[in-house]
Amino acid sequence: MPAAGAFAVDGRDGRDGRVGRVVERSGDQVRLRPPGGGPEWVCPAEDVRPASPGVVLRARVTEINREGQLPR
């Protein structure tokens, strides 16, 4: 199970899954937040897997791009 703050993949959403940053784990549920913001979602812990290095890189780029669009 990826630690809080790490990127993970919700394997319920197709082959590639949905990528999110682990917010917290509560029992057998994991709360994830999409890279760059958006509504969080809950996933069963059994369907969460660590994100591969390529997926992590793409997620970080998404977050950096989002930060660059925020008003200062």
Side-chain angles (χ1 to χ4, degrees):
M1 170 58 57
F7 285 104
V9 176
D10 178 347
R12 299 176 299 171
D13 292 339
R15 188 184 71 132
D16 295 331
R18 185 174 176 192
V19 179
R21 201 177 270 278
V22 176
V23 176
E24 70 175 343
R25 180 177 180 169
S26 178
D28 62 347
Q29 301 287 311
V30 178
R31 193 160 44 108
L32 300 164
R33 182 183 67 240
E40 297 176 354
W41 76 96
V42 176
C43 177
E46 64 191 28
D47 292 321
V48 174
R49 66 179 189 271
S52 68
V55 169
V56 170
L57 179 61
R58 284 190 298 277
R60 286 185 176 162
V61 168
T62 298
E63 287 184 338
I64 290 168
N65 286 340
R66 172 71 175 141
E67 289 171 6
Q69 296 173 359
L70 295 175
R72 295 180 192 249

Could you tabulate the donor-acceptor pairs under 3.5 Å formed by side-chain atoms of residues 26-45, not counting sequence neighbours?
residue	atom	partner	partner atom	Å
Arg31	NE	Glu24	OE2	3.2
Arg31	NH1	Glu40	OE1	2.3
Arg31	NH2	Glu24	OE2	2.9
Trp41	NE1	Asp10	OD2	2.9

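Listed by first and then second residue, the salt bridge (Lys or Arg N to Asp or Glu O under 4.0 Å) pairs involving residues 43-62 amount to none (not counting sequence neighbours).
Closest approach of Val48 and Pro2 over heavy atoms only: CG1-CD, 4.1 Å.
Hydrophobic side-chain contacts under 4.5 Å tie Phe7 into a cluster, directly or through other members, with Val9, Val19, Val55, Val56.
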